[in-house]
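Chain letters run A, B, ... following the sequence lines, proteins first and then strands; every chain starts at 1.
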Number of protein chains: 2
Amino acid sequence: MALGTDYPRQDCGIARSLELVGERWTLLILRDCFLGVRRFSDLQAHLDVSRAVLSSRLDALVAEGLLERVGDGHASYELTEDAIALWPVLLLLAQWGDQRTSPGRPRRTFHHVGCGILGRDGRCSTCDVAPHPRDVETRRGPGADPTLRSDPVSRALREPHRLLEPLVTA
Amino acid sequence: MALGTDYPRQDCGIARSLELVGERWTLLILRDCFLGVRRFSDLQAHLDVSRAVLSSRLDALVAEGLLERVGDGHASYELTEDAIALWPVLLLLAQWGDQRTSPGRPRRTFHHVGCGILGRDGRCSTCDVAPHPRDVETRRGPGADPTLRSDPVSRALREPHRLLEPLVTA
DNA sequence: TGGTTTGGTCTGTTCATCGAACCAAATGCA
DNA sequence: TGCATTTGGTTCGATGAACAGACCAAACCA
């Protein structure tokens, strides 16, 4: 972890977290992994990020135990339990960002499978449970702009998709 | 907002959020504001950040409606409701970072005033309510290192303190 | 009113990211 | 099986962000 992203003089859990997930692109990489993206090229094409930065970020996430490389050769990247614990952060940032920039018209919605939509506290509006991400389905919301991107991941995410399930791109 | 921190090609609430709070130091500034720090020099001394960066971050937070300059001359910085909505993110990052780097010995704990300690879901372990930050008291935890810093803010935070209340530094 | 403190602003240096080029390794197919 | 293609990097120069120090304007207070 480079010195330019650390906070050695902050005795604080937030600083410890930001040292790992605070760098540019990292949380968006994790977002994509929650959405089921598994392959380097899919991540790269969906994020439009330089391959050098993506490679460096993935290495760090693997080294710190947030991602796991599965399989030899063209590996698949999967979230660990530690990373999955960050889901509420991502959900809240998604909702907060949508509320500020597209009030009442979220770009993406999240649903407790077979139940209700998730509210601001991450709980199902129907049963009040805060479901595990694997029991969450994500859908394109009314505020989404389907014309902005057409990479394979963006196209696949036009359909509802269960979090943590591998996203199949053509 | 500079181009190097934006994600114009991401149609995503998380990207919108990160465009505002994803820059280095921003979330720590907001953390300090939750802890009741109000003045430029206290922020600067507690964060050990260059004054140019702090000034730039504060300007952006004010411009985007997350902070409010109160008073003329030597202004005071106060969180807006929009910013206060980010409290669960900060709480979760604090807990996640502490759990990973100091398991069982958090550097800082948060308590529902007159009730119980807050758990991982931000709810009071006694009454199960997720209290508003103004009803939360923060205390130094068993994992804190009181020798790391001795700026006025760090010294003041050795005592329990209510979130959002102005932190008085000598 | 003058000295001190606070809150900036400016600038050269260092580090991170970007974008393109190059290449090694893996995959797929005839 | 060998070759073409794809995938997953690595390298490098240009650009932008952060840092550290110096300077200074504005505010405060005795």
### Message
So if I take residues 30-38 of chain B and measure heavy-atom distances to DNA chain D, which residues fall below 4.0 Å?
### Response
none

### Task
Identify, with sequence neighbours excluded, every residue that meets ring pair (Phe, Tyr, Trp, His ring centres under 6.0 Å) alongside B/Phe34.
B/Trp87

When you compare the protein's N or O atoms with those of nucleotides 11-14 of chain C, which come within less than 3.5 Å of each other, and at what distance?
none

### Query
Could you give all pairs that pass the ring pair (Phe, Tyr, Trp, His ring centres under 6.0 Å) test and reach residues 39-58 of chain A, with sequence neighbours left out?
none

### Query
To the nearest 10 degrees, what angle separates the axes at the start and end of the helix from C/dT1-D/dA30 to C/dA30-D/dT1, five pairs each?
30°

### Pairwise salt bridge (charged side-chain N to carboxylate O under 4.0 Å, His left out) hits with a residue in residues 139-148 of chain B, at least two apart
B/Glu137-B/Arg139

### Summary
Residue set satisfying ring pair (Phe, Tyr, Trp, His ring centres under 6.0 Å) with B/Trp25, at least two apart, ordered chain then number -> A/Tyr7

#### Entry: Listed once per pair and sorted, the side chain to side chain donor-acceptor pair (under 3.5 Å) pairs that draw on residues 66-76 of chain A, sequence neighbours left out
A/Asp59-A/Arg69, A/Arg69-A/Tyr77

#### Entry: salt bridge (charged side-chain N to carboxylate O under 4.0 Å, His left out): pairs with one or both residues in residues 93-102 of chain B, sequence neighbours excluded
A/Glu64-B/Arg100, A/Asp82-B/Arg100, B/Asp98-B/Arg107

Show the distances under 3.5 angstrom between N or O atoms of the protein and N or O atoms of nucleotides 26-30 of chain C.
from	atom 1	to	atom 2	distance (Å)
C/dA26	O4'	A/His74	NE2	3.4

### Task
Just jot down the salt bridge (Lys or Arg N to Asp or Glu O under 4.0 Å) partners of A/Arg149, sequence neighbours excluded, or say none.
A/Asp48, A/Asp151

### Task
Just call it for B/Ser50: base, sugar-phosphate, or nothing, with non-hydrogen atoms closer than 4.0 Å on any strand.
base

Show me, pair by pair, the donor-acceptor contacts under 3.5 angstrom made by side chains of residues 110-121 of chain B, not counting sequence neighbours?
from	atom 1	to	atom 2	distance (Å)
B/His111	NE2	B/Thr109	OG1	2.7
B/Asp121	OD1	B/Arg123	N	3.0

